[in-house]
Amino acid sequence: MKRDILLHMRSMSKHYPGVQALDSVDFDLFAGEIHALVGENGAGKSTLTKILAGAEQSDSGTIEVSGRTIAIREPADARRLGIGIIYQEFKLVPELSVAENIFLGDERRFLRHGFVRFSLMHAEASKVLSRLGETIDPVLPVRKLSVSQRQIVEIAKALSNHVRILAMDEPTASLTDREVENLFAVMRNLKTDGVGIIYISHRIEEIFRIADRITVLRDGKLIHSCPVAEADSEMLVKWMVGREADREAHQWSPKGIAPSQRREILRIENLTSDRVHGISFGLDRGEILGLAGLTGSGRTELVRLIFGAERRSSGRIVVDGREVSVRSPGDAIKAGIGLLTEDRNLDGLVLQMSILENITLSSLSDVAFGPFVNGSKERRAASELVRRLRIKTRSVETPVETLSGGNRQKVVLGRWLMTQCNILIFDEPTAGIDIAVKREIHALIRGLASEGRGIIVISSELPELLQLCDRIAVLCDGIVAGILTREEATQERLMKLATSYA
Amino acid sequence: RHDKPQATKVIGVTLLTRGHMFYRDLEEGIRTEAAQYEYEVIITAAEFDLGKQISQIEDFVAQGVDAIVVCPVDSRGVGTGIKRANEARIPVFTADIAAQEGEIMCHIASDNVAGGRLAGEYLAKVLRQKGSVAIINQPALTSTLDRVQGFRESLARYPGIKIVADVNGFGVRDRALQVSADVLQANPQLDAIFGINDDSALGALDAVRQFKRTNIVIVGYDATPPAQEAILRGTALKADVIQYPSKIGSTTIQTIRKFFLGESIPSSIPVEVGLVDSTILHNALTTGAVNR
Amino acid sequence: MKNLYQSFGIGFALLVEIAIFSALSPHFFTTDNLLNVMLQISITAIVAVGMTFVILTAGIDLSVGSLMAFVGVVATSMLKLDLRLEYAFPLAMLAGLLLGAASGLIAGTLVTRFRITPFIVTLALMTIWRGLAFVYTEGRPVWELPEAFALLGNGRTLGIPNPTIVMIVVFVTAYVVLSHTRFGRYIYAIGGNPEAARLAGIGVKRIVTQVYVVCGVLSAASGILLASRMNSGQPNAGIMYELDVIAAVVVGGTSLFGGRGTVTGTFLGSLLIGVLRNGLNLLNVGSYVQQVVVGVVILLAVLLDQWKKR
Amino acid sequence: MKNLYQSFGIGFALLVEIAIFSALSPHFFTTDNLLNVMLQISITAIVAVGMTFVILTAGIDLSVGSLMAFVGVVATSMLKLDLRLEYAFPLAMLAGLLLGAASGLIAGTLVTRFRITPFIVTLALMTIWRGLAFVYTEGRPVWELPEAFALLGNGRTLGIPNPTIVMIVVFVTAYVVLSHTRFGRYIYAIGGNPEAARLAGIGVKRIVTQVYVVCGVLSAASGILLASRMNSGQPNAGIMYELDVIAAVVVGGTSLFGGRGTVTGTFLGSLLIGVLRNGLNLLNVGSYVQQVVVGVVILLAVLLDQWKKR
Ligand SMILES: Nc1ncnc2c1ncn2[C@@H]1O[C@H](COP(=O)(O)OP(=O)(O)OP(=O)(O)O)[C@@H](O)[C@H]1O
Ligand SMILES: Nc1ncnc2c1ncn2[C@@H]1O[C@H](COP(=O)(O)OP(=O)(O)OP(=O)(O)O)[C@@H](O)[C@H]1O
Ligand SMILES: [Mg+2]
Ligand SMILES: [Mg+2]
């Protein structure tokens, strides 16, 4: 089938201090196709889309849209050309309403006599959201939304415009299955309308479901490009990482810990706030407990309460058989509870600090002599983690803000691995992490469990939970709808529980 | 407070500032004198802000005071405020600095230009009509501009005396200390310093001590107690122009009293200025003439 | 409505204040005095509107007080040119407002094109304009102005002082601009997340520059009114006004981090501080004690606001 | 090393400045004058260290100048108590420093527990401390102090003025604290992303409060030194110092948004402004022209710094 070439990016190069993010990459896109862009963390995928969006300038290379060479100097240029972007790191204004965010920069269509007609804007916003099967109130300020709701708004923002080219940088990183289905339906519609879509995701199975073509980047270079039918997931991983990936880093046996040591390490009793109600469960040493649920079901809220990041209205937290008073994250860490937060940029990392400083932030006392930080000890510990997590960087001194999304995630992970916490809670630990490292992280989590720690994992990817957990608790509307063991759990039963009160 | 006896008169006062001793003394003069006649005084300070001063006058008008005393931030600008009072038929008196617009019952003040001249003449005498002189200025206020004008006028008559530096000490001691230090640094041969008020002069004195300079004569203005003490101790601060701020204050109240009693009052009452050095202060101390 | 609610905390503080002063002073709650208060806050409140715009973009403008003085002396000195009043008057106004716009343009350009933090840009401009005002006048006020000029700031129209009328017009306009126009939306967006605004295709640099120009022009207008009230151009006018103005804006609920705030709040904030000063004067509270009281009330007002938000 | 490089832009500006003044004034580049400059900047530079800490947490402290005055008058008035000097002297120091700590504690508590923006908290405190300084002294300086007190700020040790020695000690300590201790690391983390810092288990409120206390204590120390230099407690001391201090910190490369900056930069920034003032005075440049020049140089210095970063 011969179709129109919609977009052709030729020999795009982009250099950042210390890295060649793109090295003369060619990329093309047909009308009505979904072209997946894959690669390890830091391969250069986001950089390519940012250049297309006018958010960054390439050092060299040309861009043709519909056969005409054009220059994209600023975001407004891309907009005029009908290019829409969903950014990996959200670009929303927390204080503005959902509707205002969706139509930001595009208010012209609601103007009358120079005044913005908000009622019309809200109606339009609801329309766009309902296309995604969502019912977020368009008047709500974005700061009140959960991460996945923000993701939806970000998607709606890109869809609100009449686009010919749509670049989606990990739109599903924090979406649950149902939302992913809705999104795919929308994408298929766009496809039939002749829109060309660039789709970036680390969820390999999604790529095989939705994409027509695949382009693989590694270290800023184009490695391979082919129709999706000509590839399978093992080949894909090989292209991405440049070697055979070992399927399972560690052989994992459930509860690989002596029964005698299988004491309960954490017990939550009747935990309540305005968004979750009467939550109780226990967690054993060596156990991995999954938390499943739909967007907004309260998983994040629950773990933040356990961690003392938010104030609970009632409930007890028992660690190792003793009730602990957790009023702040500091208290939680003292009690041996660590939380890897959902939004690495917002509340995970100190972006301008170095990798080193971010990793050791919660365990400075372990590398300190009195009030003084022991520089060499600190560096040794951090370097070890950088190596183990394969964080792509020249030096541990690199500021985190220059890292790619996935590598940032690894840095926060590193921080919690370094602490001595016996109870580790991971909220979407592999969001935005490439497939190779994802396997390593799974292995790591299992390793932590087998050392006798208790682990809680939140993930919007049910397969991930099914693969990883001993038990899975399902939240629905802030209530535990049920807890399934590894044997009982199936995708269907989990979904059913997750929607039991909806 | 609202149902005070008819007889109690209320006088609103707006000072230029309370940050300088001069006005503290003036205020004291007003308070003590007013207390004698059981007048109620409302004292505010504009802190060099003319807009604020006008607001204060407006507030007095709104309160319906019986008389207003103004120490204008600026001679002309204060006119609009005074006119508001005139419209409300509230008598206005000025103290220390004159107003040039609006109707004033009486102006009670010492003459700043004359004071500056006194300082200049004194320096010309002790320097034997030749030498280099620095001014620690605050060229933002009419009163200090007048002092410097008088000072420069008098020295202009002595060609042997040069003004080698004119710096801004903002009228406060810490800033004056800083700029004086620089002046001393730049002028190793400096013979004398004129400070436009005592904080300026004392700041200069601090600097002179820092550099351990001898043979420098400082003249201050206002003769506040710390300055008098410095003069008596035989420091580089040798003399001060003296005004009698508390006397300005008490005279103002006395004048207002005459006005209340329906007596005739002159349109202006000069309050003497003078120059004090250690001899005069010594004599005064023993006779009690300059007791404060 | 939403704005009204948001301003509730401070509105309540204002009511308490008014109640207290009404009880303590018979002179306070009179038409005359209330008009007097309105007149007194007009000058700073007009500047506070400009400051609200700037602070909404997460900026700050410390130069407003000095600019008022500089504009004041320049405009008044134009009135002294050897021209007929019909020409001199508009010329002076124009020169003053242009100067304000120029100051805003310089500030905006330094902030956006040269990426210097607003605080330091306007701190430097504050020093520079004040210095120039003094250099220009040699420290002496510009005076002997035509009586007609004094009418501008001291006259009344329909019984309301002119500056108050200007203030009302400025507030209403600003309210409409902020809540019903694209320009207003963009200001909030830029203050809330400048990167998101840029990526949405908004000309962030242009808008921010315009905001500083707005603030400059309003400061200039206010500087001219102040000069007219004093019927003279004072090089030391407006000292420390920037702090009063910022206090009014923040007490009014506008966040110094940008993206959050209203001019309704700013108006109430200006009123809170203005009423306080007036009331304390009427009650004959000494000026240093006043300073302490003003500081404490500002803290209490923001505390109340904070507490309300919980 | 990294710090040195970061401060390069401003260091260059400083060298240019020194070269120009050395060429223009024979009095400039002399041991005597350089010591004089060091002495002059000591007072504000000590405060600037505290301000650097505060600004690194994305805060600001406008109360420092007033606090210096308040501490100055309180400490000196202690010296006048009817006590033997051996008791009065430490008592006065202690009272002064405690007052500084208390001010910092109040500011820190209002900022952290009551979540009021630092700008408005310290603006209110600035008004309050200044007011109290005047109320306490009734506007008159505290004087007739023991001569021994004057030695503190005017004496020399090993040929170096005492305040300069204090300044050096403060800078070195601050350097070590910021770059080699946990406390320092936490300060940067909090300034960079307070929420992330909190979720990393850092006691954000405690640390921020401590930072304001540090700033308060350093301001107090500086206020005592200043009083000693004048051998009197002046209620009107330190007016507008906060702006000078903030300018020095920002010119030295510390970001007002927090998380970025060094005390080395602050030192160079203080020096840049101090040398400029001194040089202009030596050249007998009129004070208003000076103001303009200082403003322009501040802008140029930050521009240069910005340009270097490109
Ligand atoms: N602003 C920047 N400054 C310096 N380096 C940068 C900057 N932005 C990206 N990089 C580097 O460019 C490389 C490519 O980054 P990019 O964000 O394109 O990766 P990615 O393929 O999107 O990865 P991920 O899957 O983790 O999102 C990385 O090595 C990253 O560290
Ligand atoms: N800051 C907030 N203010 C108000 N409501 C919030 C806030 N954060 C989350 N919510 C709401 O609270 C509910 C629970 O949110 P939570 O983030 O715990 O859900 P979640 O299960 O983690 O879902 P997600 O997939 O979105 O992460 C949601 O309805 C969400 O909209
Ligand atoms: Mg990416
Ligand atoms: Mg969540």
Given heavy-atom pairs under 4.5 angstrom as the criterion, report whether the side chain, backbone, both or neither of D:V296 touches chain C. both

To check you understand the geometry: which heavy-atom pair defines the closest contact between D:A124 and C:L299, and what is its length? CB-CG, 3.5 Å

Heavy-atom pairs under 4.5 Å with chain D - which of C:L125, C:V294, C:L110, C:I246 has more of them than the others? C:I246

Any C:F114 side-chain heavy atom under 4.5 Å of D:V302 side chain: no

Contacting moiety of C:L123, where chain D heavy atoms sit under 4.5 Å: side chain

Most contact-rich option vs chain D, by heavy-atom pairs under 4.5 angstrom, among C:V121, C:V251, C:V250, C:T127, is C:T127

Grab the two heavy atoms, one from C:I120 and one from D:I298, that are nearest each other, plus how far apart they are. CG1-CG2, 4.0 Å

Spacing of CD belonging to C:Q291 relative to CZ belonging to D:R130, to within rounding of 0.5 Å: 8.0 Å

Pairs of heavy atoms under 4.5 Å with chain D: top-ranked of C:V297, C:I116, C:I128, C:L62: C:I128

What part of C:V293 gets closer than 4.5 Å to chain D, counting heavy atoms only: side chain, backbone, both or neither? neither

Correct closest heavy-atom pair for D:M126 and C:L243 would be CE-CD1, 3.4 Å

Aromatic plane relationship, D:F119 with C:F119 - under 30° parallel, 30 to 60° tilted, over 60° perpendicular: perpendicular

Within 6.0 Å of CD in C:E195, more than 12 heavy atoms from elsewhere: yes

